[in-house]
Structure formats: C-alpha cells, structure tokens
Asker: 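Handing you a structure now.
The chains referred to below are lettered A, B, ... by the order of the sequence lines, with proteins before strands, and numbering in each begins at 1.
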Protein chains: 2
Amino acid sequence: MTTKKATIKDVAREAKVSIASVSRVLNGLGGVTTETQNAVRKAAAHLHYVPDSAARSLITGRTHTIGAVLPDLYGEFFSELIRGIDLAARAKGLHLLVSSSHDGVEDAAAAVRTMRGRVDGMIILSEFVDGPFLDGNLPSDLPAVLLDSPVDHARYPSINIDNIAGAQAMVKHLLDAGHESVAFITGPAGNYDSQEREKGYRAAMAKHAPKAKLNIIAGDFTEESGYRAGQEILAQAKRPRAVFAANDMTAVGCLMAFKEAGVKVPEDIALAGFDDILIARYVTPSLSTVGVSIADLGKSALLLLTELMEGKGHTGSNSRTLRCDVVVRESCGAHQTNVATKQPPALV
Amino acid sequence: MTTKKATIKDVAREAKVSIASVSRVLNGLGGVTTETQNAVRKAAAHLHYVPDSAARSLITGRTHTIGAVLPDLYGEFFSELIRGIDLAARAKGLHLLVSSSHDGVEDAAAAVRTMRGRVDGMIILSEFVDGPFLDGNLPSDLPAVLLDSPVDHARYPSINIDNIAGAQAMVKHLLDAGHESVAFITGPAGNYDSQEREKGYRAAMAKHAPKAKLNIIAGDFTEESGYRAGQEILAQAKRPRAVFAANDMTAVGCLMAFKEAGVKVPEDIALAGFDDILIARYVTPSLSTVGVSIADLGKSALLLLTELMEGKGHTGSNSRTLRCDVVVRESCGAHQTNVATKQPPALV
DNA sequence: CGGCGGAACGTAAACGTTTTCATCGAAACT
DNA sequence: AGTTTCGATGAAAACGTTTACGTTCCGCCG
C-alpha cells in the first residue's frame, strides 16, 4: 500500500491499451486477445489496482451489498443469525450492511430508509413490519425477504420458524412422558412467535389430551414474567404436571420460582421451554426445549434473497418454513436411557 | 415509492433553480435565500428525492460507512459488541459493514481487502493481526482501530480490556475472602487475553500472598478444557482453596467436574471466571466473575475511530484501556450481606 | 479482386453528485 | 453618479467506471 490509488486509466496507460479493454479484461467479458489480457492483468497487479466500487455502483446501479435490519435481539440469536447471513453472503460475493437494535416502528423505518440506494436487497426482521410499512418505506423495486413475520405480502416472501409444529411436538412429548396436564406460559400479547406457539399448544392438547383442561398463563418472554407465572402456577388449586413456556428465558424464571418454593423439577413438575438458548444447557436441571438452527434461518434468507435479486420475482408462494426439533434434557423428566420409554428392539 | 427514482436534476427543474443550488440547500452549505431554500425543499419532498450515495461517494471520496472485521465470537460478546458499535455509529450518521467469522489469517486479510474503498474506517478484532498484516492489507490512509490486540502500531490505536487489573482484583478478592491458595486455569497458549489475565494472577499472588505457591493449569477457554482442569485440580495432593479460570466457559466446565465429584462450591472450593457471560448468572451456584461492558468497548472503538477520521491522526498514545469489575456471586464464597467483609462505616 | 463480416479495440457518453469559478445584480461606499 | 463589494446563482468540470457505438484490420467468399 504505497502511493495514491490507481485508477483504470493508470492501468490502461501502463498496459498500453484503452480503458475499455481494461474493463473488459477485468470483468471477463471476452472479446480480448489473450495477449492484451495478460498485459492488462500484469499492469493491474503491478499497480495494485482495485476498481472503485462507488464509480461502479453509480453506473451499474448495483452495490453488491445487502442490508439486514434487526431488532434488539438477545445475544445468541443475534450472532447466529448474522453468522448465517454473513457466511452465505460472502460465498455469493456480497457485503453485509447491518442495522440492529430497533425498538420502534419509526426506528425501523429510518433504518430501512437510510439503506436506500446502498443495498441491492434487504433482510428484515421486525415485529413492526406490516404491509403499509413495506409499501411506505421500501423502494418498490428493492427485493426483500421477511424473517419470522406474519405478513403475507404479494411482493415479499418470508421465512418462518415452524413454531406451531415445534410447540406441538414438545407438548406431545410432555404428554407422552406421562404428564397428563400441561400448562402454557405465553409471550407478549401481540407477539407473533408467541401466538404461533400457543396455537401449537392448543392443537396438541386438542389432539392428544382432548379431555384435559387448557391452562394458559400470561407472560412476556422475560425471566421475570416466568418467575411470576411460576408462582401463579404453584398457587393453583390443581397444579399441572408439566409447564411449557413460550421461550427459554420464561422457563428459566419459572424454574427459579419452583426452586425457591422447594418444588422439584422434574419430579414434582416437569418444565420445558422454546429456543434452545445456551443457558438451557447450564441451568439445573438442564432445560428441555425446542431448538431451531438460527444460522440456517439466516442462510436460507440470504439464499432466497439472492434468488429474488437475480430476477425471478416473488411468485407469491416462495415463502419457506424452517423446521425445529425437540431437544430432550433433564427438566422434562424423560431424559437419559429411560427404560420405560426405550424403543423396542429392531426386528432384524 | 411510486415511480422511478428522482435525481437532483428533477428537483432542480421542479424548483426552477440550478442543481448547484439544490446541492447547496440540501447540504446546508448556506449562500442561498430562504426563499429558494423553501422551493428546493418543497420540490425535494414532493419528488421523494434521496441523493444517490454512490454518486456522492464517487466525488467526495467518503462513504459514511465503517467496517467491522470480527472473528467467530460467541453469541453474547458478538452481539454486545455490534450493538455498541452500531448504536454509536448511527448516532454519528454512519453505516456499519460487518464481516464476521474469520478463523484464519488469509480469511481476515480477504475481508479487510474487499472492504477497501467501501468504508471510511475500520474496526478490527482478530488475533491474527500484527504489524505486517496491517501494513500489507490496509490502505495506508485508511483509519482503523484495533480491538483487544497486543500490537502497538504507530498508525493504529487499539482499545483493550484491562485484563491485568481485572484478574488482579479477582485474585485479591478471593484471597481476601479467606482462600489462602488459589489456582489459575489458563486459556489457549498464544492468546493475548489469557496471557494478560495470567499476569494479573501472578501479580496479585506476588503482592498479596507472597509465600503461597503458584498453581497454574493449562486450558483453552473451552468448557471441555475446564472440565479436565477441574479433574486435574481434584487429583492434586494439596488442593487449592479457590480456582480462578481465565474465562467463564472454562469455569463452568470446572464446576461440572467438581459437581460430578461431589465437591461443593464454594464450601469445599471456591470458583471464579472472567467475562461475565450470561450463563454465569444461571449456573448453580451462580458464578463470580470479572465483568466487562462489551457494548462500551464497541462504542469507545467507534468514537475513537471517528476521531481518527476527522483528521487528528494517531498521536501514538491514544490507545485506551477499558476497566472491568469484579462481580461477586455465589461461587466465590463471599456473597450476600456478608458481615465479615462489610465496609467500615464512613467517617462523616 | 472487391466487397463483406466479424473480431479486436478505442472513443465518448452516461451515471448523479459536489465544487470551483464566473456572472449578475444590488447595495454600499466615495 | 461611478465604482466597488458582496451575496446569490448558474455553468461546467470532475470523480472512475461501464457500455454503446465506431473504427480498423484481417480473412473469406463470391
């Protein structure tokens, strides 16, 4: 990195060709002798030439950058998501412009707007986006994919976690483990994920324990709310045999309440969460939960976005849904080589 | 977002002025009548005009974007760091280009190079950077600040966590709590943070327990290595009364080994980590540790970077160091309103 | 041998800004 | 009243590319 930066003109002069030829060679457009190709490459290398991305963007209209607009996520979710997006983006030769920590509509709108013209596409994860928001803040020709969003917009596909199936599977698992009554602690009232998970809970109960009564306690995804919900549950006349919290932090709070009251988990009451955050493995007892590969979510989003960017418009049905898995640990009472639930031997 | 995008010419035509005046108004350069100002603003608003950032970058040479190059960090550290940087950047009207998950020199070098020309400055956190790396991959006129790096480069300042002081404080705390012998579990051999923390351990021991023998076990920052180290410690002829691990994950692994062996923490042996990751609060017993405000680290880095970008070059001494604090929880045996270690009443 | 097609290459326009410089008029001075 | 000064404005250059279009040259076919 010695002197001033070399331009395409310098390369052209050094290689004794026109700038058009330099451009052709460096972009691999063909129509150039191998001879001049070599001359150009040599000159470019010699001068440490790097094309000016601003000039290029100006004329091509492409930035080779995609933008990610994210809310104030908890650590792990955030890092995994970015990791997934970034890795996939790099593989496609794209840069990643990040704007995180938005906690209001106006905040998110501002972020989206300032990215205008700086990106070729966007990945948006925000509970505030809806149809009007998108129509009002996104240039109509900018490809975008929505993450974990209920909105079904004609122009923008979305990728969702299969909350319903995941919750359903966990509730079934609890039921199968012999806990005939299971309570559910919700997330914040308007939250999409929470609503979906509740649907899963209801569906599983309806299907596998039709005569059991539903037992739904309000929470808001915080540890604090889980703690209160736990106390509430202990105060109930007829305690449930198991508790399924809408996310892991809530479950952890609930666990604290149980511990404090001397109620044993899972012996007295089983417990499960959703998300499989890192902490889940380290609380005592370790927390059974529903896991999602967040990195895959990010990767899928980017891949879908690049498809959009490469012309094929949103056909209206390219939304995808990502499956999630029950991860069994100690808190649900069905852990380890449990002889009772062991599989029958294979027939061969 | 109705039609095609409006350019400065369109605004000029609509406002019946020259493009120069439009530019002047929109950039607040003065030398324009309030009358024309209004006309321009009105026209711009009417056309939904947004200046083309590529064209602007092309001529001004500034991108209003800063780049962050980061390794494969664990969740919380990563998200907090980005959050700190992003928030500070937004406050300064800067965008954030992220490239994460680098696990090799070549990887990091590539990331740095592709950002060339797209950013006005860089924040780099990588164990691979050293003098030659910087000289070879960074344009000489590009401001950059290093995070948590030992390199003392004339051109690039760095911001470091005060590992030594933090470790020293924790060891002193353990000693003060009555644990006369404390062992130390290191991080990976070449790791800078680990080395600094070890220095702190040695310094504190030398100062506050000069006759005690040093007891250093090798680890590598992983939970697994902590587990092995824990077993090793239990096998020692003369067990230490306390263990200080170079990071929290190691401490957690160590804790698992102790639990498994039926050794009680902190009664039989006290334990402390470093980093204050989220998990530290949730293990049983909760882990005493040394906390750092990572978000502040990111924020400081950005602020320092903007100073560099605003002209005042690196004076050679604008490296900063961020203090960290002992956070006392259960595992060190000095928790709660411990009368023995209460402060004497103030003299007034 | 003349015309023609195509490959290689160069010229110049275009992208949308910022910024220098010249112009113009009016106000302010002598 | 003539001249100067100054503030507001516009014309045009410049930034570094890509790309449409022309030009040249060569080989080929009729």
Side-chain angles (χ1 to χ4, degrees), chain A residues 3-44 47-65 93 114 116-120 139 141, chain B residues 3-41 43-44 47-65 93 95 114 116-120 139 141:
Chain A
T3 56
K4 288 296 162 196
K5 47 204 156 201
T7 81
I8 198 174
K9 283 182 190 169
D10 301 323
V11 178
R13 190 181 325 114
E14 171 122 353
K16 301 195 195 309
V17 295
S18 73
I19 61 169
S21 293
V22 176
S23 178
R24 279 189 276 257
V25 171
L26 266 30
N27 293 336
L29 296 184
V32 217
T33 325
T34 14
E35 197 175 357
T36 51
Q37 282 199 26
N38 293 337
V40 168
R41 284 190 212 291
K42 184 177 168 189
L47 297 176
H48 292 107
Y49 170 67
V50 178
D52 182 294
S53 51
R56 185 178 279 188
S57 292
L58 178 56
I59 192 134
T60 61
R62 321 217 76 209
T63 62
H64 288 280
T65 302
T114 68
R116 180 174 186 182
R118 311 185 84 100
V119 297
D120 293 341
D141 55 350
Chain B
T3 56
K4 287 297 161 194
K5 47 206 154 201
T7 81
I8 197 174
K9 282 181 191 169
D10 300 323
V11 177
R13 191 179 325 114
E14 171 121 353
K16 300 194 195 309
V17 295
S18 73
I19 61 170
S21 293
V22 176
S23 178
R24 278 189 276 257
V25 172
L26 266 30
N27 294 334
L29 296 184
V32 212
T33 325
T34 14
E35 197 176 358
T36 51
Q37 282 199 27
N38 293 338
V40 167
R41 284 191 212 289
L47 298 177
H48 292 107
Y49 171 67
V50 179
D52 182 293
S53 51
R56 184 177 281 186
S57 293
L58 178 56
I59 192 128
T60 61
R62 322 215 76 208
T63 63
H64 289 282
T65 302
H95 290 256
T114 68
R116 180 173 185 183
R118 311 185 83 99
V119 298
D120 294 341
D141 55 350

Asker: Would you tell me if any nitrogen or oxygen in the side chain of B:R56 comes within less than 4.0 Å of OP1 or OP2 on C:dG16?
Answerer: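 No, because none of the side-chain N or O atoms of B:R56 sits under 4.0 Å from OP1 or OP2 of C:dG16.
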
Asker: Please lay out, stage by stage, how B:H95 and A:T65 fare under the test side chain to side chain contact (heavy atoms under 4.5 Å, CB included).
Answerer: CA-CA 12 Å; B:H95 290 256; A:T65 302; over 6 Å; no

Asker: Hey, which of these two, B:P51 or B:R24, hits DNA chain C nearer its 5' end, going by closest nucleotide?
Answerer: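 Whichever sits nearer the 5' end wins; that is B:P51.
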
Asker: Would you say D:dG10 has OP1 or OP2 under 4.0 Å from some side-chain N or O of B:S21?
Answerer: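 Answer yes for this pair, as a side-chain N or O of B:S21 is under 4.0 Å from OP1 or OP2.
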
Asker: Considering just the side-chain nitrogens and oxygens of B:T7, establish if one lies under 4.0 Å of OP1 or OP2 belonging to C:dG16.
Answerer: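 Checking C:dG16 against B:T7, no side-chain N or O comes under 4.0 Å of OP1 or OP2.
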
Asker: For the pair A:V22 and A:V17, evaluate side chain to side chain contact (heavy atoms under 4.5 Å, CB included) and give the outcome as yes or no after the intermediate values.
Answerer: CA-CA 7 Å; A:V22 176; A:V17 295; 3.8 Å; yes

Asker: Within this structure, what is the CD1-to-C1' distance between B:I19 and C:dT19, rounded to whole angstrom?
Answerer: 10 Å

Asker: For the side chain of B:T33, starting at C-beta, report the closest nucleotide among D:dA8, D:dT18, C:dC15.
Answerer: D:dA8

Asker: Check every strand shown and say whether A:S23 touches a base, only sugar-phosphate, or nothing at a heavy-atom separation below 4.0 Å.
Answerer: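 Answer is base: heavy atoms of A:S23 come under 4.0 Å of a base.
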
Asker: Apply side chain to side chain contact (heavy atoms under 4.5 Å, CB included) to A:R41 and A:V25, showing your working.
Answerer: CA-CA 8 Å; A:R41 284 190 212 291; A:V25 171; 3.9 Å; yes

Asker: Rounded to whole angstroms, how far apart are CZ on A:R118 and P on C:dG16?
Answerer: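 It is 17 Å, rounded to the nearest whole Å.
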
Asker: Using a 4.0 Å heavy-atom cut-off, does B:T36 contact any base of the nucleic acid, only the sugar-phosphate backbone, or nothing at all?
Answerer: sugar-phosphate

Asker: Rounded to whole Å, how long is the line connecting atom CD of A:Q37 with atom C1' of C:dA7?
Answerer: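 Rounded to whole Å, this separation is 14 Å.
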
Asker: Which whole-number value in Å describes the distance from B:R13 CZ to C:dT17 P?
Answerer: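 Taking atom P of C:dT17 as the reference, CZ of B:R13 is at 13 Å.
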
Asker: Rounded to the Å, how far apart are B:D52 CG and D:dG16 P?
Answerer: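 To the nearest whole Å, that distance equals 17 Å.
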
Asker: Nearest whole angstrom, please: distance from the P of D:dG10 to the CD1 of B:I8.
Answerer: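 Result: 12 Å.
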
Asker: Map B:A20 and B:I59 onto DNA chain D by nearest heavy atom, then report which one ends up closer to the 5' terminus.
Answerer: B:A20

Asker: Please collect all salt bridge (Lys or Arg N to Asp or Glu O under 4.0 Å) contacts where either partner lies in residues 13-38 of chain A, sequence neighbours excluded, each pair once.
Answerer: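 As it turns out, the salt bridge (Lys or Arg N to Asp or Glu O under 4.0 Å) pairs with a partner in residues 13-38 of chain A, which skip direct neighbours, are A:D10-A:R13.
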
Asker: Would you find a donor on one side and an acceptor on the other, under 3.5 Å apart, between the side chain of B:T63 and the backbone of B:R118?
Answerer: yes

Asker: Taking atom P of D:dT17 as reference, at what distance in whole Å does atom CZ of A:R62 sit?
Answerer: 19 Å

Asker: Could you give the NZ-to-P distance, from A:K5 to D:dG16, as a whole number of Å?
Answerer: 8 Å

Asker: Tell me which nucleotide among C:dT17, D:dA8, C:dT18 gets nearest to the side chain of B:T60.
Answerer: C:dT18

